[in-house]
Structures are given as structure tokens and as C-alpha cells.
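As C-alpha cells, the structure follows; a few thoughts come after it.
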Amino acid sequence: MSQYVSRLQRRSPATPSRLWLPHRRPRRVAMLSVHTSPLHQPGTGDAGGMNVYIVELAQRLAAINIEVEIFTRATTGGLPPTVEMAPGVLVRHVDAGPYEGLNKEDLPAQLCAFTHGVMQAWAGHRPGYYDLVHSHYWLSGHVGWLAAQRWGAPLVHAMHTMAKVKNANLADGDTPEPAARVIGETQIVAAADRLIANTAEEREELVRHYAADPAKVAVVHPGVNLERFRPAGRTAAARARLGLPQDALIPLFAGRIQPLKAPDVLLRAVAVLLDERPDLRSRILVPVVGGLSGSGLAKPEGLQKLASRLGIADVVRFQPPVGQEQLADWFRAASVLVMPSYSESFGLVAIEAQAAGTPVLAAAVGGLPVAVADGRTGFLVQGHEPAAYARVLRDFADEPTLTPRMGEAAARHAQSFGWDTAAAATADVYVAAAQSYRRRVRSLHG
């Protein structure tokens with residue numbers, strides 16, 4: 001059998017005979033993340049939950065003996081061609097376009113250059129070096145589509161966000177996703193051997209909006225690093241480390257500052273609350289932890305100016321993006337994490353906050369109803385009316401036991417979202433993709 005497999009692997013990578021044995025996991029996966037590097041700081045620019053997702057998933061896949069090579073676009077000069085992020089996880093920097101000054105919207109013009117870089121890296125290896133291609137976001141999907149065909153390997157794709165879903169839930173004044181992206185996403189959905197959806201709702205959206213074959217879509221919930229995000233020390237110690245008042249009501253926003261994430265809804269809700277309850281002004285602090293991103297770059301001082309217009313600048317504290325360890329402290333210090341997003345494929349931040357023992361106040365959109373157990377680990381609000389969020393914040397102000405009680409339930413809830421579980425489920429998707437690919441190629445070639 002070993003001689004037979006070896007003989008197959010010496011054939012051209014485009015030859016369909018080089019297929020996995022049934023039920024065998026891949027040994028090496030080419031993972032593609034064109035527009036954002038796993039080495040970038042989440043919370044600013046285009047770096048966010050997807051960065052965390054790729055980093056954690058790759059490390060956990062390596063722990064179960066699946067090597068991962070992550071291809072990403074080089075964004076500064078002088079970067080080494082490869083960086084070992086962790087044992088079994090290699091990041092490959094690909095030169096594609098100028099290092100700086102490119103927005104995500106400009107990157108489709110650089111996909112040919114990026115694909116060329118991926119092919120160059122592969123050219124030095126034997127046929128069959130990569131067992132599978134796993135692409136993230138639609139830009140990577142187009143590179144993955146070509147690479148998988150050239151290498152004779154299955155393609156697994158994770159959308160993370162979808163243009164049609166975002167366009168149906170735009171914030172006022174936000175910019176719609178272009179038609180080219182919709183067309184690109186539709187092509188990738190048709191080409192992929194398997195699609196990974198974060199939730200059952202996202203699976204239904206893929207089927208409804210993109211005519212995805214339901215049998216090709218697997219639901220795998222993202223995870224949380226339970227060692228990093230835990231209630232240890234909880235509120236008092238975390239507030240002391242961050243220099244925050246011990247007795248304050250602290251509704252926290254953590255994430256990229258852009259209309260889609262709706263940090264303005266939190267500020268407007270705080271203004272409504274203080275109009276009704278001026279006595280709370282002396283004991284409320286509103287941290288906004290994150291950097292400008294996407295369409296938020298068009299008005300870099302917009303949120304600060306809004307706080308001034310609302311008369312709450314004295315209670316709002318803007319903080320730059322922080323590393324994961326310090327982010328965990330911000331979660332522990334908060335009374336409640338507020339996520340009034342217009343669209344979220346899942347909402348990783350919600351699970352991370354709950355794992356740290358913090359309840360979540362969120363919009364009932366996308367995957368947030370999966371991430372947050374309404375009434376038990378937090379509250380879900382229909383719509384984005386600031387008064388509705390203000391009412392919940394008032395409950396946290398008036399009931400001192402609400403945060404610790406819900407926080408305990410939140411920490412228990414988050415235990416079911418470990419990355420080890422997500423990685424094992426993803427590995428199962430890889431096997432299913434290989435089997436699907438084998439059937440498809442056999443049917444094409446008789």
C-alpha cells in the first residue's frame with residue numbers, strides 16, 4: 001500500500017489520483033489570509049476576530065498533528081519571508097502590491113500578485129506537499145480556489161462575513177459592499193468542497209443568499225482561549241491594574257471602531273441614561289478599547305466629537321487596541337460588555353468576555369444569540385435604539401449583584417466553546433472535504 005501511495009504522489013499535482021485515503025486527516029494545510037496577518041494586533045485596521053480565529057485554530061490543529069502554513073500579504077518592508085508562529089505553524093509573507101497605503105477595498109487588484117507568490121512558495125516542494133487549502137474571507141477564497149485546482153487538493157472556505165448579509169444590515173451612512181464582492185463570494189461558494197459556518201443561522205444565510213448546497217456547509221462554532229480568558233482575580237484586581245475606580249458602573253466597548261460595530265449606540269445609550277439619572281454621572285466610566293477600521297477611517301475623530309456633542313466626554317475613555325492578556329483584564333474590570341453591532345458572523349469578543357466572567361449586552365444579530373444566553377449570561381436587544389440599551393444599563397447600575405451573578409453563568413457558558421473542540425470539528429470537516437473532492441473528481445474523470 002505504501003508503494004502505491006508513493007507512486008500516486010509522484011504524479012502531477014493537478015492529477016486527481018493524488019487523493020487521500022478514506023477518513024485520513026490531512027498532514028499539512030495551506031491556510032490563506034490575504035488581507036490581514038495573524039501576526040497583527042486585533043482591534044485596529046482590518047485585524048479583528050478573524051485574526052484571533054486563525055491564530056488559535058492553527059495552533060490547535062498543529063497540536064493534533066496537522067501542520068499549518070499561513071499565507072498572508074506582507075504589509076511592511078523587511079519582514080522575513082517566513083515566521084514560525086508556534087510549533088507546526090508557519091506564517092509566509094507574500095509580496096503583493098505596496099506595503100502601505102492599500103485599503104482592503106484595493107486588494108482585489110493584487111490577487112494575481114498574491115497568487116503568484118503562493119505558487120512560487122509551492123513550486124519548491126514535491127507534488128502533494130499540501131493536502132488541503134483552507135481560505136478565510138472572500139479575497140483569500142479566490143486565491144484558494146486557484147491553488148486547490150492547481151495542486152489537486154480539496155478547498156475548505158470560511159466566509160467570516162458575507163456582503164449580502166452586511167448590506168442588509170447597514171448602519172446609517174455606512175458604505176455598502178460592492179457588487180464585485182457579491183459575485184466573488186457566489187463563485188467561491190460554488191467552488192468549495194466544504195464551507196464552514198460559525199452558526200446554524202450563518203449556514204441558512206449561505207443557502208438562502210448564495211444557493212449553497214446544504215450538504216457542503218458544516219457548522220463549527222469558534223472557540224475561546226480558556227486559559228487566557230478566565231475570571232481569575234475578577235473585578236477588583238483588574239480595576240486596580242488598569243487604574244479604574246472600584247465602585248464604578250463600567251459598560252465596555254472593545255473592538256474595531258467602525259459604523260458596523262456601532263460604538264455610537266453605546267455612547268447615545270449612556271447619554272440617555274445620564275439624562276434620566278444624573279446621579280450616575282459620578283460613578284460611570286465608559287471605556288472604548290480599539291482602533292479605527294474600515295469606513296470608520298473616513299471620520300477619525302467622529303466618536304470623540306459625538307461624545308462631546310452628547311455631553312458625556314467626561315465619562316468616556318478612549319483606549320488604543322491592547323494585547324490579548326490586557327484585553328482579558330479589561331473584560332474582568334467591566335460591569336458589562338456592550339456589543340450593539342449591526343452584523344456579526346459570531347462575535348468572538350462576546351465569548352471571550354463571558355469566559356472572563358463578564359455578562360454581555362448585545363444586539364440580537366448574526367451569531368450573537370448563539371454566543372449570549374439571553375437573560376442568563378447577558379441580554380439581547382432587538383434593534384439599535386439607544387433607549388433600549390440605556391434601560392439595561394440602568395438595571396446593572398441599580399442591581400449590584402447582577403454583574404457577578406450573570407458573570408458566573410457566563411463563565412460556565414463559555415466553557416463549551418474551547419478551541420480544542422473547534423479544531424477537532426474542523427479536522428472532521430477536512431476529512432469530509434477530501435471525501436467529497438474524491439467523489440467529484442472521480443465523477444468528472446469516470
Side-chain angles (χ1 to χ4, degrees), residues 31-36 38 42-43 45-57 104 134-141 144 156-171 174 176-177 181-182 184-186 188-189 192 194-210 212 214 216-224 254-256 258-262 290 293-295 337 339-354 360 362-372 378 380 384 414 417 419 421-423 425-426 429:
M31 195 170 282
L32 306 179
S33 179
V34 172
H35 79 283
T36 179
D46 292 319
M50 194 178 97
N51 293 64
V52 176
Y53 184 109
I54 292 171
V55 168
E56 294 286 354
L57 178 62
K104 186 167 61 176
H134 186 172
S135 54
H136 297 268
Y137 193 67
W138 78 280
L139 293 171
S140 302
V156 173
H157 181 71
M159 297 289 276
H160 291 280
T161 62
M162 291 175 271
K164 288 186 177 182
V165 175
K166 290 181 72 173
N167 288 346
N169 299 280
L170 284 178
D174 205 357
E177 295 295 316
R181 177 179 172 182
V182 175
E185 289 177 341
T186 303
I188 296 161
V189 166
R194 279 294 184 276
L195 297 158
I196 292 181
N198 289 328
T199 64
E201 181 181 358
E202 186 179 347
R203 179 179 183 272
E204 292 169 4
E205 288 169 341
L206 280 164
V207 173
R208 183 169 67 252
H209 293 305
Y210 294 90
K216 286 173 43 174
V217 188
V219 176
V220 179
H221 296 322
V224 60
R256 288 174 289 160
Q258 56 176 257
L260 181 74
K261 302 293 184 181
S293 174
S295 52
L337 174 74
M339 293 185 68
S341 306
Y342 284 87
S343 178
E344 289 283 354
S345 62
F346 184 71
L348 261 180
V349 173
I351 287 294
E352 290 172 346
Q354 290 174 94
V360 177
V365 300
L368 287 170
V370 175
V372 180
L380 296 171
H384 300 84
F417 290 91
W419 275 114
T421 301
T426 300
V429 175

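Values below: all heavy atoms of this structure, side chains included; hydrogens, waters and symmetry mates excluded.
Between the CE atom in M159 and the CG atom in L195 there is a gap of 7.5 Å [rounded to 0.5 Å]. Annotation: the span from I188 atom CD1 to L139 atom CG amounts to 8.0 Å, rounded to 0.5 Å. Interatomic distance, CD of E205 versus CE of M162, reported as 4.5 Å (0.5 Å rounding). Taking OG1 of T421 as the reference point, atom NE2 of H221 lies at 10.5 Å (rounded to 0.5 Å). Atoms OG1 and CE, from T161 and M50 in turn, are 8.5 Å apart once rounded to the nearest 0.5 Å.
Residues passing the side-chain hydrogen bond (donor to acceptor under 3.5 Å, both in side chains) test with S345 are N198, sequence neighbours excluded. For K216, the salt bridge (charged side-chain N to carboxylate O under 4.0 Å, His left out) criterion is met by no residue, not counting sequence neighbours. When the side-chain hydrogen bond (donor to acceptor under 3.5 Å, both in side chains) test is applied to T426, no partner is found at least two apart in sequence or on another chain. Checked against salt bridge (charged side-chain N to carboxylate O under 4.0 Å, His left out), E185 has the following partners two or more places apart in sequence or in another chain: R181. Partners of H134 by ring-ring contact (aromatic ring centres under 6.0 Å, His included), not counting sequence neighbours, listed by chain and number: H136, Y430. Under the rule for a ring-ring contact (aromatic ring centres under 6.0 Å, His included), the partners of Y137 that lie at least two apart in sequence or sit in another chain are H35.
In terms of heavy atoms, A350 sits closest to V372 at CB-CG2, 4.2 Å. Across every non-hydrogen atom of F417 and P222, the tightest pair is CD2-O, 3.7 Å. Contact record, G366 with E201: O-OE1, 2.7 Å, taken as the closest heavy-atom pair. The shortest heavy-atom contact between V217 and A197 is CG1-CB, 3.9 Å. Nearest heavy atoms, A212 versus V189: CB-CG1, 3.5 Å. Considering all non-hydrogen atoms of both residues, P340 and H384 come closest at O-CD2, 2.9 Å.
Proximity of a side-chain donor or acceptor of Q354 to a complementary backbone N or O of A371 within less than 3.5 Å is detected. Side-chain N or O atoms of Y210 include one that pairs as donor or acceptor with a backbone N or O of K164 at under 3.5 Å. A donor-acceptor pair is defined here as one N or O able to donate and one able to accept, closer than 3.5 Å; no such pair exists between the side chain of N167 and the backbone of P176. Distance alone, capped at 3.5 Å, places no donor-acceptor pair between the T199 side chain and the G367 backbone.
In this structure, H160 and Y53 have perpendicular ring planes: the angle between them is above 60°, well past the 30° mark.
Residues E344 and K261 are paired through a salt bridge, judged by an N-O separation under 4.0 Å between the basic side chain and the carboxylate.
Residues E352 and V52 have side chains in contact (heavy-atom distance under 4.5 Å, counting atoms from C-beta outward). Side-chain atoms of L170 and Y342, non-hydrogen and from C-beta on, never get closer than 4.5 Å to each other.
Looking at L368, V365, L260 one by one, the single match for side-chain contact (heavy atoms from CB on, under 4.5 Å) with S343 turns out to be L260.
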